[in-house]
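One structure below.
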Protein chains: 2
Amino acid sequence: MATKAQAPKWLNPREMKAWRSYIIASRRLLDALDTDLEGHDLSMADYEVLAQLSDAPGRKMRMSELAELAMVSKSRLSHRMKVMEKAGWVRREECESDRRGSYAVMTDQGWKAIVKAAPSHVASVRNRLMDHLTVKDQEDLAKIFDRLQTELRGQFINEN
Amino acid sequence: MATKAQAPKWLNPREMKAWRSYIIASRRLLDALDTDLEGHDLSMADYEVLAQLSDAPGRKMRMSELAELAMVSKSRLSHRMKVMEKAGWVRREECESDRRGSYAVMTDQGWKAIVKAAPSHVASVRNRLMDHLTVKDQEDLAKIFDRLQTELRGQFINEN
DNA sequence: GGTAATTGGTAGAACTTTCAACAATTGAAG
DNA sequence: CTTCAATTGTTGAAAGTTCTACCAATTACC
């Protein structure tokens with residue numbers, strides 16, 4: 001059920017090249033960015049969670065919503081929050097309007113942590129990626145992956 | 001030591017857009033591809049290992065070399081091999097020329113497994129990615145990520 | 001040849017992520 | 001107002017990954 005009737009068509013050399021270049025360089029890139037963040041005791045995933053949370057009004061957001069935005073499962077977010085809570089970056093607050101729910105709230109300390117990490121993370125995105133792209137490249141990239149994202153959001157993928 | 005002196009420059013909107021589109025769509029794409037492979041009891045990582053191994057002469061390769069090509073750590077490959085060995089897809093053979101070393105060898109059963117998975121994986125790459133790209137896009141993509149890969153290989157990242 | 005440094009690979013511990021089940025609440029239907 | 005399905009979020013265990021230490025073989029060097 002994953003894909004529809006299998007197109008028997010193999011990838012042609014051009015496609016193959018695009019695919020392999022993309023997949024390999026991306027892996028390297030993500031690894032490098034993760035490594036760069038280590039100094040701040042953050043992984044890309046945690047950074048993403050905190051970044052999203054810090055954008056929310058009051059730096060406060062329902063767990064489910066946060067999970068959705070940061071593209072992690074609820075279960076994973078829950079576990080991760082426990083760790084970040086111990087680190088003093090976030091805390092939980094219960095929700096009065098829906099008493100099943102709870103809020104993730106970023107603490108001042110958490111805010112400080114991400115503000116401190118951000119410049120070096122941005123520099124890292126620059127060093128590792130942007131510096132190697134022309135303006136034209138950036139536009140191409142945005143165009144391609146924007147379209148891709150739209151298409152992929154259509155095909156659904158369940159998150160537990 | 002991760003990055004050199006921090007460029008204080010923030011990302012401009014164009015850069016930000018390129019970056020976020022890329023990172024989010026990539027995550028979705030990789031997730032989708034992994035999901036598509038589940039039916040064959042393979043992860044992208046395992047597929048990559050087997051694919052590399054199946055390309056080697058005699059479908060046989062030194063562990064370290066395989067780890068390098070498939071971009072996994074030696075330790076991880078070692079653990080993974082244990083699992084795939086149990087599944088009957090690979091076996092180990094000792095190396096006479098260097099008696100510290102050993103070969104990873106793909107079994108017939110492993111070959112069958114990957115041959116069986118390949119068409120649907122390729123179809124999946126098509127459905128999820130290629131079908132949404134024009135020829136021009138493919139060329140742009142290859143160009144960008146080729147360059148990126150070269151640059152990133154220069155900046156070193158240690159793998160244990 | 002002897003011994004130190006390096007390399008190839010593995011193993012166990014610690015940690016992270018996923019999976020499946022769960023309690024609590026909500027909302028809708030009868 | 002009761003019942004039932006769906007939603008929110010958590011948990012414990014299983015599966016997977018990374019880290020560290022290690023052994024054994026090899027190579028380098030005196």
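The sequence lines fix the lettering, A, B, ..., with proteins before strands; numbering per chain opens at 1. Here the structure is a predicted model, which means the values were calculated and not measured.
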*Are B/Arg92 and B/Glu94 within salt-bridge range, i.e. N to O under 4.0 Å?*
no
Protein-nucleotides 15-17 of chain C N/O pairs closer than 3.5 Å?
unit_1, atom_1, unit_2, atom_2, d
C/dT17, OP1, A/Arg76, NH2, 3.3
C/dT17, OP2, A/Arg80, NE, 2.8

_Side-chain touch B/Lys86/B/Lys82, heavy atoms, less than 4.5 angstrom_ = no
*Atom pair distance, as rounded to whole Å: CE in B/Met84 and C1' in D/dA15*: 15 Å
*asked:* If you count every heavy atom of other residues, nucleotides or ligands that lies below 6.0 Å from B/Asp131 atom CG, does the total exceed 12?
replied: yes
_B/Glu96 CD to D/dA25 C1', straight-line distance once rounded to whole Å_ = 15 Å
*Length of the line joining B/Arg99:CZ and C/dG9:P, which is rounded to integer Å*: 15 Å
*Are A/Lys60 and A/Glu65 within salt-bridge range, i.e. N to O under 4.0 Å?*
no
*Could you walk me through whether B/Asp146 and A/Lys17 pass the side chain to side chain contact (heavy atoms under 4.5 Å, CB included) test, one step at a time?*
CA-CA 9 Å; B/Asp146 250 2; A/Lys17 183 141 195 308; 2.5 Å; yes
*Could you state the OH-C1' distance from B/Tyr103 to C/dG8, rounded to the nearest angstrom?*
13 Å
_I'd like to know whether CD of B/Glu139 has more than 12 heavy-atom contacts from other residues, nucleotides or ligands below 6.0 angstrom._
yes
Under-3.5 Å N/O pairs linking protein and nucleotides 5-8 of chain D:
unit_1, atom_1, unit_2, atom_2, d
D/dT7, O2, A/Arg100, NH1, 2.5
D/dT8, O3', A/Arg62, NH2, 3.3

*Separation of atom CD in B/Glu93 from atom P in C/dG8, rounded to whole Å*: 19 Å
*Taking CE from B/Met44 and P from D/dG16, how many angstroms apart are they, rounded to a whole number?*
17 Å
*Find out whether B/Leu29 and A/Tyr22 are in side-chain contact, i.e. whether some heavy atom of one side chain is under 4.5 Å from a heavy atom of the other.*
yes
*From the options A/Met61, A/Met106, A/Met84, A/Arg76, select the one residue that forms a side chain to side chain contact (heavy atoms under 4.5 Å, CB included) with A/Val49.*
A/Met84
_Whole-Å distance separating the CD atom of B/Glu94 from the P atom of D/dA24_ = 15 Å
*Compute the bend angle of the helix from C/dG1-D/dC30 to C/dG30-D/dC1 from the end axes (five pairs per end), rounded to 10°.*
10°
*May I have the distance from B/Met81 (atom CE) to C/dT10 (atom C1'), rounded to whole angstrom?*
12 Å
_Carboxylate-amine/guanidinium contact A/Lys136 A/Asp140, below 4.0 Å_ = yes
*Just say parallel, tilted or perpendicular for the rings of B/Trp19 and A/His121, cut-offs at 30° and 60°.*
perpendicular
*Counting only distance, no hydrogens or angles, is the base of D/dC19 paired donor-acceptor with the side chain of B/Ser75 under 3.5 Å?*
yes
*What orientation do A/Phe145 and B/Phe145 show, parallel under 30°, tilted 30 to 60°, or perpendicular over 60°?*
perpendicular
